[in-house]
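Read through the structure below, which is laid out as structure tokens, and then see the notes.
In this text the structure is predicted, and so the values were computed from the model without any measurement. Letters A, B, ... mirror the listed sequences (proteins, then strands); counts begin at 1.
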Amino acid sequence: MTDRSHTRALVVGAGGLGCPVLLGLAEAGVGRIRLVDDDRVELSNLQRQVLYGVSDVGRLKVEASRDRLERRFPDLSLEVEATRLDATNVSRVLDGVDVVIDATDDPQARFTINDQAVAQGVPAVLGGVIRFEGVIMGVQPGKGPCFRCLFEGPPEPGEVMTCAGAGVLGAMAGLVGHLQVQRALGLLGDRPDEAAGYITTVDGLRGTTRDVPVPAREGCTACAQRTASSFHFMTPSTQENSMSVAIKIPTSLRRFVGGNDQIEVAGQNVREALDGLEAAHPGIKAKICDAQGNLRRFINVYADQEDIRFLDNLETPLGEGAELQIVPAIAGG
Amino acid sequence: MKLSSDQATRYARHVLLDEVGARGQLRLLGTSVEVRGEGAAAEEAVRYLVAAGVGEIVVGADLRQLYSETWADLNPEVRVKSGGECRHRLELGPSDSRLQGAQAALKVLVAVGVKGEA
């Protein structure tokens, strides 16, 4: 086994994602873990936060996890802090770590972690889980896309669902958390390039995962903080015009389309395809576009695996047999 | 059958899911799963099945002991035993992949909680 006894990992959040992340990292031999969380254990956490028990209800999660982990992994050096990570403390908390794992349920914190990790040159694994879906993204600062390249900014409060509001199937948190561990070990290993540059989406109902390549975005404010950044920006490609388009529907929107995961529509560009989708399934477009008809900023649409924001946005032409994938960002953790 | 108020709190994140709801949670509470395996994968599957409220879980002797010594208070209303007939079975063998264990547990939760298997 690789010697990771001197590796230092930062885990932000000791909830649904934090529990599997902590167990997975400790078991992989990561010697030093810094854990930051200001929450206390509640009964409703125990449906998925598998490090805790009823005797922990009311205790700080960082204290409960320290007790459980130290008993199981006596060699682990665990440093805990009962703080909520925010812009005022993120640079101190990130200082000196080899990798950071975002296990929060807070989209604002996800951007704070991403931006500071990129600025300080710390490899990061971002993640989110809600209902039956999850996302994971590994980031190598200065060597490819970051989370802000993909989503320009956090949503307004109330714009996205949280686990507390929309629910989550318990083992989904385990699946996403362990995928984050895998990605973190990849970033720490010999071939970090294989662990970054794409976002993984998880469809729990079908039991499938999908890796979607993410281009680095020119003008990304997070990447601009890193002076050494000199990576290649992908150039958009265009396609022939034509008719039949397959739209991949994420689980959160399937209630508009009778539970289907794919809808065929006609359209020569993305706008026409989305209008066709709305005509067949009224109500869905408002979840994808705002009142002005522009793409909501926390939704990404890929035309044949390319983010339409880097193409011609809603006017991006679609070829015969083109595939549109709708990828909503996820708030929960 | 109805969920008690404690159960409604404990399983609130499942009940909130339209696809699961109180009925799906009651099915989970009423089902049984045998988890075969000796490694961390089996342990992880059991953890998530216990947390989700799968009523009865049958495991090997070693895992039964680990469970009672280290994390039996995750969900005291679940019975984890080392023998008996079950409706579902997960075969995880010697695997130490916790990812695989979580995936296996998820499959059962979807089959029973969402798709309505007993």
- prompt: Between Lys115(B) and Leu205(A), which heavy-atom pair has the shortest distance, and what is it?
  reply: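 Closest approach of Lys115(B) to Leu205(A): NZ-O, 3.7 Å.
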field: Heavy-atom pair of closest approach, residues Gly174(A) and Ala102(B)
entry: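 So the two residues come closest at C-CB, 3.7 Å.
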- request: Show the numbers, then the answer: is there a salt bridge (Lys or Arg N to Asp or Glu O under 4.0 Å) between Asp18(B) and Arg254(A)?
  value: CA-CA 12 Å; Asp18(B) 290 339; Arg254(A) 284 182 199 153; over 6 Å; no
- request: Would you confirm whether Arg13(B), through its side chain, and Val168(A), through its main-chain N or O, come within 3.5 Å as a donor-acceptor pair?
  value: no
message: Any side-chain to backbone donor/acceptor pair from His14(B) onto Gly170(A)? Under 3.5 Å, distance only.
response: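 At least one qualifying donor-acceptor pair exists.
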Would the number of heavy atoms belonging to other residues, nucleotides or ligands and lying under 6.0 Å from [atom1] of [X] be above 12?
X	atom1	answer
Arg23(B)	CZ	no
Gln65(B)	CD	no
Arg84(A)	CZ	no
Asn260(A)	CG	yes

Stepwise side-chain contact (heavy atoms from CB on, under 4.5 Å) test for Tyr48(B) and Val50(A): CA-CA 7 Å; Tyr48(B) 279 100; Val50(A) 296; 3.7 Å; yes
Side chain from CB out, backbone as N, CA, C, O: work out which of these in [X] comes under 4.5 Å of a heavy atom of chain A, or both, or neither.
X	value
Ala45(B)	neither
Gln7(B)	neither
Val110(B)	both

- request: Could you tell me whether Arg68(A) and Asp73(B) make a salt bridge, using a distance below 4.0 angstrom between a side-chain N and a carboxylate O?
  value: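 A salt bridge is present here (some side-chain N lies under 4.0 Å from a carboxylate O).
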message: Quick test of your reading of the model: are Arg72(A) and Glu69(B) salt-bridged, counting only N-O distances below 4.0 Å?
response: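 Glu69(B) and Arg72(A): not salt-bridged.
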Which distance, rounded to the nearest 0.5 Å, do you find between the [atom1] of [X] and the [atom2] of [Y]?
X	Y	atom1	atom2	value
Ser97(B)	Gln182(A)	OG	CD	7.5 Å
Arg47(B)	Arg48(A)	CZ	CZ	15.5 Å
Lys107(B)	Leu175(A)	NZ	CG	13.0 Å
Leu169(A)	Leu16(B)	CG	CG	12.5 Å
Gln103(B)	Met172(A)	CD	CE	10.0 Å
Asn75(B)	Leu43(A)	CG	CG	9.0 Å

Verdict with supporting geometry, Gln100(B) and His178(A), side-chain contact (heavy atoms from CB on, under 4.5 Å): CA-CA 9 Å; Gln100(B) 200 188 347; His178(A) 288 303; over 6 Å; no
Given side chains that start at C-beta, do those of [X] and [Y] come closer than 4.5 Å, heavy atoms only?
X	Y	answer
Glu19(B)	Arg131(A)	yes
Phe132(A)	Leu17(B)	yes
Arg10(B)	Val54(A)	yes
Val181(A)	Arg98(B)	no

